Amino acid sequence: MSKTADAPLPVASQIENEHLALDEDYVLTAAFVEKVVDASDAGDGLKLRSLLEDLHPADVADLMGFLTAEHRAVVVLWLPADLLADTLSELDDGIREEVLERVPHLTLAEALQELDSDDAAAVVEDLEDDQRERVLAAMPEIDRAAIESSLGYAEDSAGRLMQREVMAAPSFWNVGDTIDHIRKQGEDLPELFFDIYIVDPLNKPVGGLPVSGLLRAPRTVALVDLMEPINAIAVDQDQEEVAYIFEKYHLISAPVIDTDGRLVGQITVDDIVNIIQEENREDILRLAGVSDESRGAGVFGVVRSRIPWLVVNLGTALFASSVIGQFATELEALVYLAILMPVVASIGGNSGTQALTVAVRALASRELNSANATRILAREVLVGLFNGAVIAVLLAGVAWLWFRIPLLSLTIGLAVMINLLAASLAGTLIPLALDRLDRDPAVASPVFVTWITDTVGFFSFLGLAGIILL
């Protein structure tokens, strides 16, 4: 038998693959990945197809992350068109761009026809210009027009996020009319939809009806008697705004309208889950001063994303060191100050990170704004004072047991209280100020909070030591 991509898969092999691929935590096993690598090295396309075609697209995408670029180039050629399509929409951006370079344009055009318009547009967006032209030219006119229309919207807008396939019904229909239409036009409707949008003669949505509500109602009931209010999304609305609306109102899907209020598509909750995860991932990475680094990221790309804020951090660290230099006399006279000095800065830095993380997350989820900023700030000040008092007592006790100098214990206790108060203020005020200036608080805040806690920590400890101990 020749090793072709159309060869059938034995039933016994299907069962074996199902149990071999994933462990009890739904993670690909090392043994399965090794089998894929071995089949790829051997150029055994039949074996690759038998291993992969029963996997979920998300598992195939996960597998791509474990493989080298050379192995991915072989594997992708043996994926069936429908599995390839769903896998492309699941891949990390960096890996997807690499994989797309390996797929023939006719194969890719066929695969994209299996996807909803939003997922297809996301894949086409990653193509090089010449490859994009060839792929779109090989697609049916209707599919090509839908993708080009989606790409015409801003990258992070609802228009780019939406799928153009939508189930709409005129306001004069009843339940029976709608059910008959769904059965007759099934292939032209979205593959998965949760709501039916009732539209007026101008194609403007006037209400929505869950599919479950439609099926429960008698055939003769008019749709307008069953419909519920809807949360329409403007086509140019930012995807973060859309995610906030879905999260706040517990939506499963929502209609998208153009500037004239006409229905042009829908957004479903699976897209929003991806957006929320993406935004959370970006916030976490930005707090550390790095960009989104997937498993496929190269060394120089990672370096470029991390080095700018390290340079800024170097400048702030040198500034904090210059503060220490102003107290060289005290350090020469009291060597034990150098021993305890890092403790004050470290405790302040951790406290600042705590306040900063809470503030950035609250800003992202819109739980913190000008309406309650004063109350939140007052809370953080009190937290800083109470935490400072507790840590001050503990650290003063340790300093006394270590050096047996009561005034030194008093000095470091007061310094810690001052620094934790400054950390609470900085961790809340800095992200608030950056947000007010329309800057991303997750990117720049950590560097400036560290700068303040180091500077205040060193200055308060050494300054108080100069006053109390000398």
Side-chain angles (χ1 to χ4, degrees), residues 156 231 237-250 275-276 279-289 309 312-313 316 319-320 323 344-395 412-461 463-464:
D156 294 328
N231 297 93
Q237 204 158 0
D238 186 85
Q239 64 181 20
E240 288 191 48
E241 298 274 348
V242 177
Y244 175 73
I245 292 172
F246 266 73
E247 189 174 10
K248 181 175 182 179
Y249 296 108
H250 309 290
I275 296 301
I276 292 174
E279 298 296 337
N280 287 340
R281 182 171 63 248
E282 287 180 357
D283 287 344
I284 291 172
L285 291 171
R286 286 172 177 172
L287 280 172
W309 287 108
V312 174
N313 191 215
T316 59
F319 181 90
V323 173
V344 179
S346 177
I347 292 294
N350 287 334
S351 178
T353 299
Q354 290 175 339
L356 172 63
T357 303
V358 171
V360 169
R361 187 68 205 121
L363 285 169
S365 60
R366 307 190 185 188
E367 296 173 1
L368 174 60
N369 52 42
S370 57
N372 65 347
T374 302
R375 178 173 59 83
I376 298 298
L377 181 61
R379 184 193 68 185
E380 290 300 323
V381 167
L382 291 176
V383 169
L385 288 173
F386 282 118
N387 285 345
V390 173
I391 299 299
V393 170
L394 293 174
L395 186 54
I412 197 168
L414 291 175
V416 164
M417 287 194 65
I418 293 172
N419 202 22
L420 262 65
L421 177 59
S424 296
L425 288 169
T428 305
L429 287 176
I430 288 177
L432 273 171
L434 291 172
D435 184 67
R436 183 65 62 88
L437 295 172
D438 291 328
R439 296 292 185 269
D440 190 342
V443 176
S445 297
V447 172
F448 293 114
V449 170
T450 301
W451 169 48
I452 288 177
T453 55
D454 285 351
T455 302
V456 172
F458 294 146
F459 186 82
S460 61
F461 182 48
L464 287 171

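The first residue in the sequence is number 1, and the count goes up from there. Remember, predicted model here, so these are calculated numbers, not experimental data.
Side-chain contact between I418 and L464 is present, with heavy atoms from C-beta onward closer than 4.5 Å. S460 places none of its side-chain heavy atoms less than 4.5 Å from the side chain of L414. The side-chain heavy atoms of F458 and V344, taken from C-beta on, include no pair separated by under 4.5 Å. Considering only heavy atoms from C-beta on, S351 stays 4.5 Å or farther from T453 through its side chain. Side-chain contact between L385 and L421 is present, with at least one heavy-atom pair separated by less than 4.5 Å. Using a 4.5 Å cut-off on side-chain heavy atoms (C-beta onward), L363 and P441 make contact. You'll find the side chain of R379 stays beyond 4.5 Å of the side chain of T428, heavy atoms only. Residues P446 and T353 are not in side-chain contact: their nearest non-hydrogen atoms beyond the backbone lie 4.5 Å or more apart.
To the nearest 0.5 angstrom, N387 atom CG is 11.5 Å from N350 atom CG. Atom NZ of K248 and atom CG of N231 lie 10.0 Å apart (nearest 0.5 Å). Taken from OG in S424 to CG in L377, the straight-line distance is 9.5 Å, to the nearest 0.5 Å. The distance from atom CD1 of I376 to atom CG of N372, rounded to the nearest 0.5 Å, is 5.0 Å. Within the model, atoms CG of D156 and CG of D238 stand 6.0 Å from one another, a figure rounded to the nearest 0.5 Å.
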*side chain to side chain contact (heavy atoms under 4.5 Å, CB included) evaluation trace for L356 with S445*: CA-CA 8 Å; L356 172 63; S445 297; 3.3 Å; yes

*Start with the C-alpha gap between V383 and Q354, add the side-chain angles, then the distance that decides, and say whether side chain to side chain contact (heavy atoms under 4.5 Å, CB included) holds.*
CA-CA 11 Å; V383 169; Q354 290 175 339; over 6 Å; no

_Derivation of the side chain to side chain contact (heavy atoms under 4.5 Å, CB included) call for N369 and D435_ = CA-CA 9 Å; N369 52 42; D435 184 67; over 6 Å; no

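Considering only residues two or more places apart in sequence or on other chains, Q239 meets the side-chain hydrogen bond (donor to acceptor under 3.5 Å, both in side chains) condition with E279. For E241, the salt bridge (charged side-chain N to carboxylate O under 4.0 Å, His left out) partners are R366, not counting sequence neighbours. Under the side chain to side chain contact (heavy atoms under 4.5 Å, CB included) criterion, A243 pairs with I272, I275, I276, sequence neighbours left out.
Nearest heavy atoms, E380 versus A355: OE1-CB, 3.8 Å. Taking each heavy atom of A389 and M417 in turn, the nearest pair found is N-CG, 4.1 Å. Annotation for D454 and A345: closest pair OD1-CB, 3.7 Å, computed over non-hydrogen atoms. Smallest separation of non-hydrogen atoms from V416 and G388: CG1-O, 4.2 Å. Here the closest heavy-atom approach between residue G348 and residue N419 is recorded as CA-ND2, 3.5 Å. Across every non-hydrogen atom of A422 and V456, the tightest pair is CB-CG1, 3.8 Å.
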